[in-house]
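See structure below.
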Amino acid sequence: MRTLGHLRRLKTTLVPEFHSWCKLQAPNAAGKQLPRIYVTRRIPPDGMKILSQSGLCSIEQWDSDEPVPRSELLAKVAGIRGLYCLLTEKIDAEVLDAAGPSLQVVSTMSVGYDHVSLEELKKRGIRLGYTPDVLTEAVAELTVALLLATSRRLLEAAHEAKNGGWGTWKPLWMCGYGLTDSTVGILGLGRIGAAVTARLKPFGVKRFLYADTGPRPDMATKIPAEFVPLEELARHSDFIVVCCALTPETQGICGTGLFSLMKDTAIFINTSRGGVVNQEDLYQALVNGQIAAAGLDVTEPEPLPTDHPLFKLKNCVILPHIASATVATRNAMAALAASNLLAGLQGKAMGKEVPL
């Protein structure tokens with residue numbers, strides 16, 4: 001009887017626990033049939049939280065701060081419904097063929113999408129999400145910081161102070177160029193270009209010029225900025241700031257033709273894409289004194305090899321593509337990319353979608 005009672009007590013305890021366990025396991029079992037997505041990198045926590053807590057997808061991830069190897073990417077995308085990528089991944093016909101007909105949405109954690117073949121996506125009916133707007137302020141801040149560091153020779157001066165080059169005060173030593181009463185030319189007056197001008201205005205800039213595919217009165221009127229041909233912008237600007245997207249039309253647009261028209265006191269800044277600049281031409285312009293200095297947050301390729309000639313120049317400041325590198329901005333980018341992907345999986349409107 002004691003044994004029978006013991007069994008009854010066990011039944012009373014274990015059966016409810018078994019039922020509870022089954023309920024907990026059910027979502028996991030169901031999760032195996034959820035749409036598969038592949039995340040090509042370790043991403044900021046806000047983005048991964050949205051994906052993992054959505055219950056809408058089964059996640060596989062390249063869990064590293066380094067880019068996923070191409071062979072790994074091609075193997076892992078087979079049969080996925082969604083692809084969460086970064087600008088380091090070239091999403092072309094090869095990747096899309098490897099994914100197969102199941103792929104319905106690509107979401108890139110970047111404002112630029114020149115690494116994605118729009119033609120191939122359109123051909124296959126695959127949607128594309130991206131992350132503009134959320135990084136505008138951070139990129140604009142870094143652009144101004146890079147401009148000041150370059151024009152006022154801050155890195156060069158810090159090096160001299162640290163390594164014994166700081167002697168007695170000299171009237172002409174470490175002199176750079178200031179923004180007060182200057183003319184600033186913006187190549188590409190979009191959201192970031194306008195945000196840069198808003199931050200430069202309090203420095204006493206006298207005149208803003210801009211070159212673009214056409215007039216942008218919606219942006220320019222508020223600044224105000226004057227629309228001019230690129231050649232005129234080059235001739236008159238004391239500072240040129242490149243904020244345009246990389247397209248077939250802008251590939252290598254900043255080359256000898258542009259640098260030869262610039263003032264020999266002019267400062268050139270690029271925080272858009274490395275491919276916009278012909279770096280050999282830029283090197284020659286800096287060495288030959290056609291322009292005073294250059295500041296780059298983007299290069300071609302990335303990372304730029306440490307033995308590249310541009311690194312040897314005192315009048316060239318190169319940063320490792322950190323324009324959007326604030327904790328808040330990167331989390332916002334990751335979250336928007338995640339939300340875009342989930343919306344695409346459900347056939348809903350994305351927060352930010354590239355029209356194809």
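Count residues from 1 along the sequence.
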Flag side-chain contact, heavy atom, 4.5 Å: D65 against R41 = no
When Ile, Leu, Val, Met, Phe, Trp and Tyr are grouped by side-chain heavy atoms lying under 4.5 Å apart, directly or through other members, which residues fall in the same group as V77?
-> Y38, W62, V68, L73, L74, I80, L83, I91, V95, L96, L103, V106, Y113, V116, L118, L121, I126, L128, Y130, V354, L356
Are C254 and F268 close enough that some pair of their side-chain heavy atoms sits under 4.5 Å apart?
-> yes
Chi angles and distances behind the side-chain contact (heavy atoms from CB on, under 4.5 Å) call for Y177, I267 = CA-CA 8 Å; Y177 299 92; I267 307 295; 4.2 Å; yes
Provide the full list of side-chain hydrogen bond (donor to acceptor under 3.5 Å, both in side chains) pairs with a residue in residues 44-57, sequence neighbours left out, each pair given once.
-> none
Non-hydrogen side-chain atoms of L51 and L341 separated by less than 4.5 Å | yes
State, with a plain yes or no, whether a side-chain heavy atom of V205 is found less than 4.5 Å away from one of T183.
-> no
Per side-chain contact (heavy atoms from CB on, under 4.5 Å), L319 is matched among L296, L146, T271 by L146
Apply ring-ring contact (aromatic ring centres under 6.0 Å, His included) to F311 and list each qualifying residue two or more places apart in sequence or on a separate chain.
-> none
Heavy-atom closest pair, residues S272 and V298 | O-CG1, 3.6 Å
Check step by step if side-chain contact (heavy atoms from CB on, under 4.5 Å) holds for L233 and L261.
-> CA-CA 9 Å; L233 181 142; L261 296 174; over 6 Å; no
Here the salt bridge (Lys or Arg N to Asp or Glu O under 4.0 Å) pairs for residues 325-339, sequence neighbours left out, are none
Under 4.5 Å between any side-chain heavy atoms of D264 and Q290, yes or no?
-> no
Is there a donor in the side chain of S182 and an acceptor in the side chain of D238, or the other way round, less than 3.5 Å apart?
-> no
Would you sort out whether I318 and L304 count as a side-chain contact (heavy atoms from CB on, under 4.5 Å), showing the intermediate values?
-> CA-CA 9 Å; I318 300 175; L304 194 65; 3.9 Å; yes
Taken to the nearest 0.5 Å, the spacing of Q279 CD from N270 CG works out to 9.0 Å
Heavy-atom distance under 4.5 Å between the side chains of I269 and F239, does that happen here?
-> no
Qualifying residue for side-chain contact (heavy atoms from CB on, under 4.5 Å) with L187, from D212, I253, L209, V241 = I253
Just grab all the salt bridge (Lys or Arg N to Asp or Glu O under 4.0 Å) pairs involving residues 192-205, residues at least two apart or on different chains.
-> E137-R199
In this structure, are over 12 heavy atoms from other groups packed under 6.0 Å from E119 atom CD?
-> no
Test Y84 against every option in V105, N340, T108, V39 by the side-chain contact (heavy atoms from CB on, under 4.5 Å) rule and name the one that passes.
-> V39
For residues M109 and M333, report the shortest heavy-atom separation together with the two atoms involved.
-> O-CE, 3.6 Å
Pairs in or reaching into residues 144-155: which pass salt bridge (Lys or Arg N to Asp or Glu O under 4.0 Å), with residues at least two apart or in two chains?
-> R153-E156
